[in-house]
Amino acid sequence: METEKKIEQLREEINRHNYNYYVLAEPEITDEEYDSLLKELEDLEKKNPRLITPDSPTQRVGSDLTKKFNPRTHRVPMLSLSNTYNEEELYDFDRRIRDSLPSGEVIEYVAELKIDGASVSLTYRDGYLVAAATRGDGTTGEEITPNVRTIKSVPLKLRKKEIEGYLLDDIEVRGEIFMEKKAFLRLNEEREKRGEKVFANPRNSTAGTLKLQDPSIVASRPLDIFVYYLIPAEGEFISQFENLRILKEAGFKVNPWSKLCGSMDEVITFCRETESKRDEIPYDIDGVVIKVNSVKQQSILGNIARSPRWATSFKFSARKAETTINDIIWQVGRTGAVTPVAVLQPVSLSGSVISRATLHNIDEIERKDIRIGDRVVIEKGGDVIPKVTRVIDLERADRGPATTPPEKCPVCSSLLFNPEEEVGIFCENHLCPARLKGALSHFASRNAMDIEGLGEAITDLLVDRGYIKSFPDIYHLYSKKEELERIERFGEKSIGNLLVAIENSKLKPYEKVLFALGIRFVGEGVAALLAENFPSIDKLADASAEEIESVHGIGPRISESVTGFFRIGKNREMIGELKKAGLSFEAEQKADKTDSLKGKVFVLTGTLSQMTRGEAKDKILLAGGKASSSVSRNTDFVVAGEKAGSKLKKANELGVKVISEDEFLNIING
Ligand code: IVH
């Protein structure tokens with residue numbers, strides 16, 4: 001009983017902090033305090049599994065993968081909205097409303113932001129979230145409950161089941177799931193580093209995430225929600241504005257920008273103000289939704305076809321500007337993809353100065369016939385990067401020549417390659433500095449070799465100064481230690497740390513190394529699959545495309561890319577060098593390594609140059625050895641750094657084997 005009470009108390013406390021943090025953005029406790037509460041609850045639940053309930057804050061991420069999403073028919077169809085684009089159309093809307101309602105009715109409107117995300121319907125029974133569904137075709141959506149449960153601003157349990165006499169025990173709540181712009185950019189950056197496809201905009205990213213089959217991945221994405229619609233199974237609810245307040249009190253995240261307006265003029269002022277602040281709002285919006293406030297009036301007005309007569313959306317104008325294309329340049333990305341970018345006469349577009357726009361690929365340039373010197377319209381949609389929508393005067397007599405794609409890489413001059421059935425062109429030279437920089441930042445990224453300190457700025461510098469020309473050079477940097485320390489931006493300490501991180505990266509298992517190589521289409525999951533089925537890189541390198549494709553989950557696109565990679569002699573040479581440097585290219589090696597030094601006793605003395613003593617000690621322990629502080633006959637190795645003193649002397653007296661730091665690293669890395 002005591003435990004049960006304690007668990008209940010903890011849940012309530014955690015739910016309150018969740019609400020403060022995720023809904024109100026006003027945390028009252030530190031992250032550590034929060035974590036320790038959660039840990040306490042987790043421990044209690046682990047000891048008393050029968051007390052676990054689905055609404056417990058520990059149960060947001062279910063363990064099962066969703067095989068497929070079941071269809072779910074909406075109790076009330078999820079309608080779309082009619083659009084208006086200017087003031088006149090808003091006044092028309094107002095007039096239609098007045099004409100359709102009994103004369104003398106007082107009409108109020110609620111103006112809300114139109115969040116650009118993915119709409120969702122949430123069903124709560126008896127105060128608990130029981131189902132979440134996508135809009136689908138408006139009549140039937142897909143049930144995505146496990147995914148939606150992972151969103152921390154979605155309450156699993158209502159804070160109150162009754163508010164001022166309104167019963168909330170059987171309700172449907174609708175809202176928009178979205179990602180903040182900054183969180184979206186961060187997510188894309190991480191994906192790019194890992195060599196994964198980037199999302200075009202926060203909306204696509206949100207919709208894509210909601211359809212994932214693994215809720216634990218969904219939980220790691222920065223999804224958020226605003227709810228805007230309450231549909232009770234029964235009972236009289238008075239107005240939209242009241243409903244927003246009730247939803248807020250029940251624990252939902254409701255957008256704070258909504259406004260109750262007494263006239264269409266007020267609505268229009270709200271629309272104008274919102275549009276001018278559009279860029280300052282941390283998430284994408286594409287307009288304002290205007291709703292008749294009174295629920296009674298709403299039901300008199302009813303629906304026309306697929307949209308309610310009582311609401312409309314005011315769409316913001318696309319943000320457009322005119323400018324001139326000064327140049328078209330071709331940029332080389334991490335994967336070697338060479339993409340065209342328009343260099344523009346700088347122009348101001350909704351508050352920011354734009355000087356570049358993406359042109360996507362040559363097909364797009366040809367379709368729109370974009371040439372250097374053209375006057376063009378550029379547009380910033382929901383997407384972050386502005387694009388060129390059209391050329392203003394296609395018939396102009398003095399237009400320049402049509403744009404053609406380069407034949408050679410603009411950075412390294414090697415011949416470019418256009419894979420069959422793809423519009424893109426690629427630089428295939430692994431040593432191309434532009435590719436190399438990207439490839440290195442992927443190689444060093446957290447989920448690959450995890451070399452902290454080898455960030456973008458340092459990588460650029462090391463490549464530009466010729467220290468790194470390919471991956472193996474990373475593992476020879478220690479021989480340039482003193483030279484590097486003299487580079488202004490570095491200094492002794494950061495170089496030391498970098499070299500230690502590089503050393504540690506040698507412990508990464510084969511599958512991580514395989515992923516780090518950045519072979520096209522070989523993301524983390526594919527790398528793990530390949531490592532499992534081809535337990536050494538030699539076996540993989542010698543495998544035919546058919547053999548690779550026989551692995552479940554691997555198709556021709558991947559197999560061709562892998563065999564193509566190993567067909568290039570330089571790639572095989574590079575792998576040979578990485579092997580020499582001590583990287584893992586076999587699946588079994590990891591297990592061997594962990595106890596390769598089982599029982600061996602090490603003593604560290606003097607100053608080590610490539611790592612701290614603490615780090616050396618970790619390495620010893622990791623390899624199954626022991627680290628001791630004094631030398632005796634039981635000591636197997638004394639590692640002597642610079643200025644080693646009495647311990648070195650004692651080792652020599654006792655005849656204990658003395659090794660250098662480099663020898664130590666060789667032993668450790670097997
Ligand atoms: S009300 C019958 N309010 O816009 C009422 N919708 O084009 C219909 N949306 O599918 C929805 N913000 O996904 C409403 N504050 C808001 C909204 C909103 C975004 C989306 C929603 C809907 C679409 C309608």
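Order of listing sets the numbers, starting from 1, for every ligand and every atom in it. Hydrogens, waters and symmetry mates are skipped; everything else that's a heavy atom, side chains included, is used.
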Just wondering, more than 12 heavy atoms not from Lys181 lying within 6.0 Å of its NZ?
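More than 12 within 6.0 Å, yes.
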Quick check on the 6.0 Å ring-centre criterion: do [X] and [Y] meet it?
X: Phe226; Y: Tyr283; value: yes
X: Phe237; Y: Tyr166; value: yes
X: Phe241; Y: Tyr109; value: no

Determine whether any heavy atom of Asp116 lies closer than 4.0 Å to an atom of ligand 1.
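No, Asp116 has no heavy atom closer than 4.0 Å to ligand 1.
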In this structure, does ligand 1 have an atom that sits under 4.0 Å from one of the heavy atoms of Ala311?
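Contact absent.
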Which bit of Lys291 is near ligand 1, meaning a heavy atom under 4.0 Å away: side chain, backbone, both or neither?
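Just the side chain.
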How does Lys114 reach ligand 1, by side chain, by backbone, by both or by neither, if only non-hydrogen atoms under 4.0 Å count?
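Both the backbone and the side chain of Lys114 come within reach of ligand 1.
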N/O to N/O below 3.5 Å, does that happen between [X] and ligand 1?
X: Ser80; answer: no
X: Tyr229; answer: no
X: Leu113; answer: yes
X: Ile115; answer: yes

Can you find a pair of side-chain heavy atoms, one from Lys253 and one from Tyr22, that are under 4.5 Å apart?
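No, side chains not in contact.
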Which residue holds the protein heavy atom closest to [atom], what is that atom called, and what is the gap in Å?
atom: atom 8 (C) of ligand 1; value: Leu81 CD2, 4.0 Å
atom: atom 22 (C) of ligand 1; value: Tyr228 OH, 4.1 Å
atom: atom 10 (O) of ligand 1; value: Ser119 OG, 3.7 Å
atom: atom 20 (C) of ligand 1; value: Glu176 OE1, 3.5 Å

Strictly by modelled atom types, are Glu524 and Asn447 linked by a side-chain donor-acceptor pair under 3.5 Å?
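The answer is yes; a qualifying pair exists.
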Counting each atom of ligand 1 from 1 as listed, which ones have a heavy atom of Pro308 under 4.0 Å away?
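Answer for ligand 1: 2 (C).
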Indicate yes or no for a side-chain donor-acceptor contact from Arg149 to the backbone of Ala131 under 3.5 Å, with no hydrogens or angles considered.
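No.
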On a heavy-atom basis, I'd like to know which of Arg135, Arg174, Gln240, Glu112 is closest to atom 15 (N) of ligand 1.
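Comparing heavy atoms across Arg135, Arg174, Gln240, Glu112, the nearest one to atom 15 (N) of ligand 1 lies in Glu112.
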Taking the six-membered ring of Phe178, is NZ or CZ of Arg203 closer than 6.0 Å to its centre and within 45° of its axis?
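Pair Arg203/Phe178 does not count as cation-pi.
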Name of the residue among Asn147, Ile144, Leu210, Thr140 meeting side-chain contact (heavy atoms from CB on, under 4.5 Å) with Thr134
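So, applying the side-chain contact (heavy atoms from CB on, under 4.5 Å) to Thr134 and each of Asn147, Ile144, Leu210, Thr140, only Ile144 qualifies.
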